[in-house]
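Each chain gets a letter, A, B and so on, in the order the sequences are listed, and its residues count up from 1.
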Protein chains: 2
Amino acid sequence: MDDEPDEAVLEGADSLCRRLGVRLTPQRRRVLAILRASDRPLGAYEILEAMRDGARALAPPTVYRALDFLVEQGLAHKLESLHAFVGCTHPDHPHSSQFLICADCGLVTELENDAIARSLKSAASESGFEPRRPVVELIGTCAACSVKEGPR
Amino acid sequence: MDDEPDEAVLEGADSLCRRLGVRLTPQRRRVLAILRASDRPLGAYEILEAMRDGARALAPPTVYRALDFLVEQGLAHKLESLHAFVGCTHPDHPHSSQFLICADCGLVTELENDAIARSLKSAASESGFEPRRPVVELIGTCAACSVKEGPR
DNA sequence: CGCGATCCGGTAACAGTATAACGTAAACCG
DNA sequence: CGGTTTACGTTATACTGTTACCGGATCGCG
């Protein structure tokens, strides 16, 4: 059992932000830590709850601001179809990712598939469209759940 | 006053539903008409507003139920990143579509690109994932707006 | 026809997600 | 240091979507 690979990840985030010239404040770092510690996507209000400090509760904008920052820097992703957020599994380099979301067990897998990225990019440029933020989420059944439930 | 291509579209929807053995009730037909008459995605509450009949206002579930139906039959699509809905531009055959969403002017273009669909499907099956509902939305700048604003 | 099953839609209340607007403090930079 | 920008706390509120319950229409069938 590991002494937190988390801490290493967070230090990676620190150095990434230093490179980008942006500030990974304690608040933002904490939100990132919560996301990374979770094995599933978290809603903003779940994060809010996880951040509460005894009786003292934070307000939504605090968490939304931190999330905006993390998403902007590529340290986290928003899953539009779930209204939830995940920590990025490989934030070190810029990338466009895709998500496989199991409707049955909630498992989310982040892909970084070049063939998909390329086909998107080329379809967009055929229309003269300049993509900025791709949202690619496949909702379906993961391998484990397909087996469990049997082929339909 | 109307030779509206709309009426033709709605009749197409009628016959599609007959084929599918489902009922395109007046309520649902009306929501579809509103979507098709709009040149941009509409939120559920905008549709609600468009459906209001003088002083008499409908309640949200009415519209959400109609939208659920339309989306299920492929007559409309939900844009997850906008929390909004559009009428489908080619509902006649089952298809998985992709959307180009201009963050600047709001223009939304529906694509039906096989290369994208194939690359998604193959990436999914590599993971043993069985896709059911694809969500593919590219947020960026459309051709017209790219020109207007100039290359950055 | 009579009867149950099912589908559709009206209504009230509410749950969940996200933002606006405003103020204060801390960090950065000349 | 003084001015500017950035981050964060707080209140209130807007927007999006759902639960639960009910009555009426429609359909299948004996």
Side-chain angles (χ1 to χ4, degrees), chain A residues 13-14 17-18 20-32 34-35 40-73 75-86 106 133 135 137 139, chain B residues 14 17-18 20-32 34-35 40-73 75-86 103 106 133 135 137 139:
Chain A
D14 279 332
C17 287
R18 229 169 296 122
L20 294 172
V22 296
R23 286 190 280 165
L24 188 63
T25 62
Q27 197 81 254
R28 293 165 173 174
R29 206 169 188 279
R30 185 133 173 260
V31 170
L32 180 56
I34 289 168
L35 283 177
R40 60 180 185 83
L42 295 178
Y45 282 71
E46 288 181 290
I47 296 169
L48 205 52
E49 190 53 32
M51 290 183 60
R52 94 174 291 138
D53 199 13
R56 185 127 199 90
L58 291 176
T62 300
V63 114
Y64 278 104
R65 285 191 284 234
L67 287 169
D68 286 348
F69 172 87
L70 294 172
V71 168
E72 210 152 300
Q73 309 310 324
L75 291 165
H77 299 289
K78 174 165 193 180
L79 301 176
E80 295 286 350
S81 61
L82 297 181
H83 306 289
F85 300 82
V86 289
R133 183 167 78 94
V135 172
E137 304 173 13
I139 295 136
Chain B
D14 279 330
C17 287
R18 229 168 297 124
L20 294 172
V22 296
R23 285 192 280 167
L24 187 62
T25 62
Q27 205 66 266
R28 293 165 174 175
R29 205 168 190 277
R30 184 133 174 259
V31 170
L32 180 56
I34 289 167
L35 283 177
R40 60 179 186 83
L42 296 178
Y45 281 71
E46 288 181 289
I47 296 169
L48 205 53
E49 189 53 32
M51 289 183 61
R52 93 175 292 138
D53 199 13
R56 186 129 197 89
L58 291 176
T62 301
V63 140
Y64 279 104
R65 285 191 285 233
L67 287 169
D68 286 348
F69 172 87
L70 294 173
V71 168
E72 209 152 301
Q73 308 310 322
L75 291 164
H77 298 290
K78 173 163 195 179
L79 300 177
E80 295 287 350
S81 62
L82 297 181
H83 307 288
F85 300 83
V86 288
R133 183 167 78 96
V135 173
E137 304 173 13
I139 295 139

Just to confirm, is there a sub-4.0 Å distance from OP1 or OP2 of C:dT17 to any side-chain nitrogen or oxygen of A:Lys78?
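False: A:Lys78 side-chain N/O out of range (4.0 Å or more) of C:dT17 OP1/OP2.
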
For D:dG17 and B:His83 - does any side-chain N or O of the residue sit under 4.0 Å from the phosphate oxygens OP1/OP2?
yes

Rounded interatomic separation in angstrom, taking [atom1] from [X] and [atom2] from [N]:
| X | N | atom1 | atom2 | answer |
| --- | --- | --- | --- | --- |
| A:Leu58 | C:dT19 | CG | P | 18 Å |
| A:Tyr64 | D:dA14 | OH | P | 17 Å |
| B:Arg28 | C:dC7 | CZ | P | 11 Å |
| A:Ile47 | C:dG16 | CD1 | P | 16 Å |
| B:Arg56 | C:dG10 | CZ | C1' | 8 Å |
| A:Leu82 | D:dT16 | CG | C1' | 16 Å |
| B:Glu46 | D:dA14 | CD | C1' | 14 Å |
| A:Leu24 | C:dA27 | CG | C1' | 15 Å |

Heavy-atom nearest nucleotide on DNA chain C taken for B:Arg23 and for B:Ala59; more 5' hit belongs to B:Arg23

Heavy-atom pair with the smallest gap, counting every atom of A:Glu80 and A:Arg133
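That would be OE2-NH2, 3.0 Å.
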
Just to be sure I understand the rule, does [X] reach a base, reach only the sugar-phosphate, or reach nothing, if contact means heavy atoms closer than 4.0 Å?
| X | result |
| --- | --- |
| B:Thr62 | base |
| A:Tyr45 | base |
| A:Arg65 | base |

The nucleotide from D:dT10, D:dA7, C:dA18 with an atom nearest the side chain of A:Thr25 is D:dA7

Heavy atoms from C-beta onward define the side chain here; which of D:dG9, C:dT11, D:dT11 lies closest to that of B:Pro61?
C:dT11

Could you state the interatomic distance from CD1 (A:Ile47) to CG (A:Leu32), rounded to the nearest 0.5 Å?
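The distance works out to 10.0 Å.
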
Once you measure the plane-to-plane angle for A:His83 and B:His83, does it fall in the parallel (<30°), tilted (30-60°) or perpendicular (>60°) bin?
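A:His83 vs B:His83 ring planes: parallel.
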
Would you say the side chain of A:Leu58 lies within less than 4.5 Å of the side chain of A:Val63, judging by non-hydrogen atoms?
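Heavy-atom side-chain distance check fails, nothing below 4.5 Å.
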
Sub-4.5 Å side-chain heavy-atom contact between B:Arg29 and B:Asp14
yes

